[in-house]
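Take a look at the structure below.
Excluded from the calculations below are hydrogen atoms, water molecules and symmetry mates; all remaining heavy atoms, backbone and side chain alike, are included. Residues take their numbers from the sequence shown, with the count starting at 1.
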Amino acid sequence: MSRTRRTAMAGTALLAAALTACSGGSDSGSGASGKADMKPKADMAVSVNLTGDQVKAGQPVTVTVAEGKLAQVKVTDAKGAELPGKIADDGRTWTSERNAAPGSEYKVEAQNTESQSATTQFKTGAADKVNKVSINIPKGSTVGVAMPVSIVFDNPVANKAEVEKQLKVTTSNNTEGSWGWIKDYSGNDRVDWRPKEYWKSGTDVKVEMNLNGVDSGKGGGLFAKDYNTEFKIGKDRRIEVSLDTKKLAVTEDGQAQKTIPISAGTPGGKKASWSGKMVIMTKEGTIRMDSQTVGLDDAYDKMVDYSMRLTWSGMYAHAAPWNSANFGRANSSSGCVGMSDADAKGFFAQSQIGDPFEVVGSGSKGNADIGNGYGEWNLTWDAWKAKSAATGTPQNG
């Protein structure tokens with residue numbers, strides 16, 4: 001015989017579902033024994049209010065059995081996605097490892113060690129504010145060996161450690177790396193994952209951002225979805241620009257490939273180039289460059305070919321045929337690394353987003369801020385790890 005009983009407990013407004021038992025055999029006169037009340041919760045505390053359709057999201061789900069021990073608990077949303085969780089050592093409670101997401105309906109199914117079962121449901125209310133992310137590497141991309149994983153948040157993230165714990169990088173060769181929190185050039189919070197050393201060519205990378213239901217903290221709101229991406233590391237192609245020799249050198253797999261005469265930024269002022277380790281961020285091709293947008297008044301306004309971005313503030317490598325007299329001779333640009341049309345065309349075609357681009361020599365204006373592009377490679381490994389908000393880093397992906 002099977003029966004289910006539900007009661008509402010006054011004062012605590014808890015939903016209690018009676019565990020139902022199926023009995024067999026010839027003793028029809030005996031009643032079901034070993035009953036225990038199961039109390040599904042939408043919060044870590046057993047006194048959390050489960051009103052049915054306005055449960056506060058952003059908290060773990062806790063399921064407690066009044067008597068006996070839990071054998072298994074399953075909590076699923078309307079799409080069938082399960083919240084992972086664990087039963088406590090004493091067998092009395094089950095707690096989800098992830099939070100209840102906003103605007104979701106959940107079904108709770110529990111079973112005790114005597115094969116008795118109980119079910120209940122609850123709904124979470126919508127988030128007052130939703131946080132979203134932008135990730136720099138589209139799914140299916142192939143990138144160069146210096147490309148970090150970079151996540152920029154729409155709203156502030158005060159709970160950095162909690163958010164970071166939900167981010168996971170998995171690689172095909174156990175690459176060591178660490179998350180680090182910085183301010184993006186836009187002013188938004190940003191977290192990057194950088195390998196200890198440049199990636200190895202051929203590495204497959206998977207990034208999981210299990211953020212649905214995570215609270216960003218004050219001013220940030222809840223995340224309302226998960227994010228993920230996968231990409232591959234391409235050829236090991238590296239670029240070095242010498243401000244002293246006015247040349248750009250390309251290597252692949254450690255072997256010299258080509259040397260190109262260039263003209264970089266004019267030393268001694270705003271028009272000097274940034275130096276240090278940068279990364280080719282985007283290949284933008286033919287674009288309009290207007291000096292007024294980067295604080296250089298009316299120095300230039302023209303269409304520029306074979307443009308590859310190095311910083312958010314506007315440093316590029318590109319074709320600069322108007323400056324051909326200075327290639328290999330003098331640094332006289334407004335900060336970018338210019339070269340001939342022919343050299344720029346070939347360089348653009350062979351380069352990958354994510355290739356390391358290092359500028360060395362005298363006459364620069366120093367390193368750009370970390371968030372002004374991907375400047376984390378200018379930090380030592382220990383200095384980068386120190387920017388993690390979670391404990392236990394670095395990670396092996």
Side-chain angles (χ1 to χ4, degrees), residues 136-150 198-205 229-243 245-265 273-290 300 302-329 331-360 373-375 377:
N136 64 326
I137 310 176
K139 189 175 293 186
S141 300
T142 298
V143 298
V145 298
M147 193 60 147
V149 176
S150 185
Y198 288 150
W199 297 99
K200 290 183 179 179
S201 181
T203 304
D204 291 311
V205 186
T229 192
E230 297 179 21
F231 58 93
K232 191 177 187 73
I233 305 303
K235 55 191 174 183
D236 187 345
R237 179 181 171 87
R238 308 184 188 192
I239 300 102
E240 182 179 280
V241 168
S242 170
L243 299 177
T245 65
K246 290 81 176 174
K247 291 181 180 179
L248 178 154
V250 180
T251 62
E252 282 189 21
D253 298 322
Q255 301 298 312
Q257 296 294 306
K258 191 171 185 179
T259 300
I260 299 171
I262 58 92
S263 180
S273 295
W274 293 112
S275 61
K277 295 178 179 179
M278 291 172 273
V279 178
I280 295 179
M281 302 172 64
T282 57
K283 295 175 67 175
E284 299 177 17
T286 301
I287 60 173
R288 179 186 177 188
M289 291 191 178
D290 183 353
Y300 55 86
K302 62 183 67 180
M303 300 303 293
V304 180
D305 296 330
Y306 307 115
S307 300
M308 291 178 286
R309 182 183 287 273
L310 302 171
T311 70
W312 287 123
S313 62
M315 182 173 169
Y316 285 81
H318 60 73
W322 56 86
N323 200 23
S324 59
N326 289 316
F327 296 153
R329 298 182 180 89
N331 294 319
S332 60
S333 80
S334 295
C336 294
V337 176
M339 62 197 82
S340 71
D341 278 333
D343 284 334
K345 182 179 181 179
F347 182 64
F348 185 91
Q350 292 296 315
S351 294
Q352 305 164 120
I353 294 172
D355 285 347
F357 192 107
E358 185 171 7
V359 177
V360 299
Y374 303 129
W377 293 108

> Can you list the residues that meet the side chain to side chain donor-acceptor pair (under 3.5 Å) rule with Lys258, with sequence neighbours excluded?
Replying inline: none
> Which residues pass the side chain to side chain donor-acceptor pair (under 3.5 Å) test with Thr142, sequence neighbours left out?
Replying inline: none
> Do Tyr316 and Ile287 come close enough that some side-chain heavy atom pair is under 4.5 Å?
Replying inline: yes
Ignoring hydrogens and geometry, is there a side-chain-to-backbone donor-acceptor pair from [X] to [Y] under 3.5 Å?
X: Thr251; Y: Ala256; result: no
X: Asn136; Y: Pro148; result: yes
X: Thr229; Y: Ile137; result: yes
X: Lys283; Y: Phe348; result: yes
X: Ser201; Y: Gly234; result: yes
X: Ser333; Y: Ala264; result: yes

> Does Asn326 have any side chain to side chain contact (heavy atoms under 4.5 Å, CB included) partners at least two apart in sequence or in another chain, and if so, which?
Replying inline: Ser263, Asn323, Ala330, Ser332
> Where do Val279 and Trp377 land on the side chain to side chain contact (heavy atoms under 4.5 Å, CB included) test, with the steps shown first?
Replying inline: CA-CA 9 Å; Val279 178; Trp377 293 108; 3.9 Å; yes
Could you state the interatomic distance from [atom1] ([X]) to [atom2] ([Y]), rounded to the nearest 0.5 Å?
X: Asp341; Y: His318; atom1: CG; atom2: NE2; result: 11.5 Å
X: Lys246; Y: Asn331; atom1: NZ; atom2: CG; result: 5.5 Å
X: Met308; Y: Phe357; atom1: CE; atom2: CZ; result: 7.0 Å
X: Ser275; Y: Met315; atom1: OG; atom2: CE; result: 8.5 Å

> Nearest heavy-atom pair of Ser351 and Ile280: which atoms, and what distance?
Replying inline: CB-CD1, 3.9 Å
> Looking at Ala320 and Gly338, what are the two nearest heavy atoms and their distance?
Replying inline: CB-CA, 3.9 Å
> Is Lys232 atom NZ crowded by more than 12 heavy atoms from other residues, nucleotides or ligands, each under 6.0 Å away?
Replying inline: yes
> Any Lys/Arg nitrogen of Arg237 or Glu252 sitting under 4.0 Å from an Asp/Glu carboxylate oxygen of the other?
Replying inline: yes
>> salt bridge (charged side-chain N to carboxylate O under 4.0 Å, His left out), that's the test. Do Lys277 and Glu358 meet it? Break it down for me.
In response: CA-CA 4 Å; Lys277 295 178 179 179; Glu358 185 171 7; 5.2 Å; no
